[in-house]
Number of protein chains: 2
Amino acid sequence: MRVYGGVTGADRKAERRAQLVEAGLDLLGGAEGDQLTVRRVCGRAGLTPRYFYESFADRDELVAAVHEHVVQTIATRALAAVEAAGPDAEAKIRAGLAELVRAVAEDRRHGRVLFSVTLTDPLLARRRVESSRFFARLLSGQARQSYGVPDTPELELVAQFMVGGLAQTLSAWLSGALRLSEAELVAACVEIFTAIADRKAPPPQG
Amino acid sequence: MRVYGGVTGADRKAERRAQLVEAGLDLLGGAEGDQLTVRRVCGRAGLTPRYFYESFADRDELVAAVHEHVVQTIATRALAAVEAAGPDAEAKIRAGLAELVRAVAEDRRHGRVLFSVTLTDPLLARRRVESSRFFARLLSGQARQSYGVPDTPELELVAQFMVGGLAQTLSAWLSGALRLSEAELVAACVEIFTAIADRKAPPPQG
DNA sequence: ACTTTCTGAAAACGCTTGTTATCAGATCAG
DNA sequence: CTGATCTGATAACAAGCGTTTTCAGAAAGT
């Protein structure tokens with residue numbers, strides 16, 4: 001690993017790895033989700049299979065890296081938005097959802113990796129189950145904190161329902177099946193979330 | 001196509017086709033959704049590839065047949081339950097959801113083919129998008145009829161949200177991640193559905 | 001200079017897939 | 001019995017996959 005082209009060995013390797021992750025994001029988040037093959041991702045990254053296995057033990061490791069990258073990016077942004085919002089529960093919901101939607105609209109590949117129903121990679125599907133659970137736990141934790149509800153299986157169900165509904169909604173929106181602006185989308189989702197959260201004690205509102 | 005073993009040719013062919021669909025349902029609705037290969041489905045059906053192509057032009061045709069069969073079965077049962085219920089909107093929702101849950105609990109393969117998130121067949125994924133839209137249209141039609149709401153993009157969004165949330169919930173329940181009885185599951189879903197439906201005019205209830 | 005190492009392209013290996021063809025033997029029709 | 005046809009098992013084919021290896025040449029170290 002000596003210096004090459006004025007670049008250190010570790011830097012070159014990191015650069016190649018980043019190119020592979022970026023190409024993987026292109027393919028995983030593209031229209032056809034099952035197109036992430038080693039040959040294809042290398043072609044798109046302008047590299048050869050030899051360099052693929054320099055950074056990843058196998059194909060699944062790249063898929064995991066791409067998904068991890070996306071989850072980290074999105075979760076960080078959404079959580080920051082929630083914490084920056086006031087103490088009001090609905091304000092938190094609105095801030096988190098707005099930031100989430102903004103993020104997936106800015107880079108639709110991220111949204112598709114997280115939510116698109118037409119992605120058919122087996123490992124990605126399994127990881128999505130876990131990240132859905134993760135997001136659901138975040139939600140239910142927020143609910144216990146803001147609404148003071150106990151941690152029951154029914155709360156878990158509600159959180160799963162919200163995550164699944166949001167995923168389907170964003171997937172449809174990203175695919176162009178829902179003719180709504182970003183603001184309308186956020187408003188509708190906030191409405192639904194608060195309706196579910198308040199379902200047993202609806203506020204006196206018309 | 002002469003008589004063989006006392007069975008007419010058409011009957012034998014139909015029998016073999018039914019065995020293939022049943023085996024396909026086993027595999028598509030099994031734990032690993034990507035195990036439906038021609039060789040495997042034939043092995044499980046006790047037939048050989050030659051008979052596969054006697055009834056299906058290619059692998060995708062079998063996947064489509066299995067999915068179609070499941071959708072028809074479930075939709076028929078759920079619609080019948082809705083129509084048998086009284087004119088009250090919540091009663092209809094409860095009847096439809098209860099029958100849907102009963103159906104997928106009776107034969108979990110059906111539930112998984114329709115809802116499981118870990119099924120990664122590309123054609124099945126595409127068909128699910130369409131059937132989700134179909135179910136969403138059924139729902140929004142019901143809403144327009146029962147609640148008199150106009151057919152806006154926001155109604156479409158709400159329907160998609162409900163379908164997606166229900167799919168995630170049933171998928172989690174079938175996988176054993178939600179420790180709830182069938183009755184509790186139905187009750188919780190009804191609660192969520194009515195909360196969303198009534199979100200702008202909540203009934204005066206504690 | 002010469003040797004080591006990194007690069008990029010390509011070929012190779014072993015496997016699974018969908019799909020089609022082969023073939024010996026069982027079962028029917030006449 | 002004779003010959004046509006259905007059966008079931010198996011092999012064949014071409015393609016794509018993940019993964020490993022080979023190899024000629026460019027760049028660096030000494």
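Within every chain, numbering begins at 1; the chains are lettered A, B, ... in the order of the sequence lines, protein sequences first and strands thereafter.
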Closest of dT5(C), dA26(C), dG18(D) to the Y4(A) side chain is dT5(C)
Would you mind reporting whether S132(B) and Q168(A) have side-chain heavy atoms less than 4.5 Å apart? yes
Within residues 121-128 of chain A, those residues having any heavy atom closer than 4.0 Å to DNA chain C are none
From CZ of R50(A) over to C1' of dG18(D), roughly how many Å is that when rounded to an integer? 17 Å
Among residues 6-18 of chain B, which residues get a heavy atom nearer than 4.0 Å to DNA chain C? none
When you check the gap from the basic side-chain N to the acidic O, do R179(B) and E184(B) get nearer than 4.0 Å? no
Side chain of Y53(A) - closest among dT20(C), dG18(D), dC28(C): dG18(D)
One thing to verify: whether R127(A) and E68(A) come together as a salt bridge, which I'm taking to mean a side-chain N less than 4.0 angstrom from a carboxylate O. yes
Once you round it to whole Å, what is the distance between C1' of dG18(D) and CD of Q35(A)? 16 Å
How many Å lie between CD on E54(A) and C1' on dC6(C), as a whole number? 10 Å
For R40(B) and P49(B), find the nucleotide of DNA chain C closest to each by heavy atoms; which residue's nucleotide sits nearer the 5' end? R40(B)
What nucleotide among dG8(C), dT27(C), dA9(D) has an atom nearest to a side-chain atom of T48(A)? dG8(C)
Side chain of V38(B) only, please: which of dG18(C), dT10(D), dA9(C) is the nearest? dG18(C)
Return the value, rounded to whole Å, for the distance between atom CD of Q19(B) and atom C1' of dG8(D). 13 Å
So does E99(B) pair up with R94(B), basic N to acidic O under 4.0 Å? no
With a 3.5 Å cut-off and just heavy-atom distances, do the side chain of R59(A) and the base of dT19(D) make a donor-acceptor pair? no
L20(A) CG to dG18(D) C1', straight-line distance once rounded to whole Å: 15 Å
Given atom CG of L47(B) and atom P of dG8(D), what is their separation to the nearest angstrom? 7 Å
Nearest heavy atom decides the nucleotide; on that basis, is Y51(B) or R2(B) closer to the 5' end of DNA chain D? R2(B)
Nearest-angstrom distance from the residue atom CE of M1(A) to C1' of dG29(D): 17 Å
Here the distance between atom C1' of dT16(C) and atom CG of L36(B), to the nearest Å, is 15 Å
Do NZ/NE/NH1/NH2 and the carboxylate oxygens of D151(B) and R137(B) come within less than 4.0 Å? yes
Let me see the working for E22(B) and R17(B) under salt bridge (charged side-chain N to carboxylate O under 4.0 Å, His left out), right down to the final yes or no. CA-CA 9 Å; E22(B) 184 70 14; R17(B) 191 195 139 100; over 6 Å; no
By the definition side chain to side chain contact (heavy atoms under 4.5 Å, CB included), identify the one residue from T118(B), L119(B), T120(B) that meets it with P122(A). T120(B)
Sub-4.5 Å side-chain heavy-atom contact between L166(B) and I192(B): no
Nearest to the side chain of R39(A) - dG18(D), dG8(C), dT20(C)? dG18(D)
Salt-bridge present (E54(A), R16(A); N to O < 4.0 Å): yes
Geometric class of the F161(A)/F161(B) ring pair [parallel <30°, tilted 30-60°, perpendicular >60°]: tilted
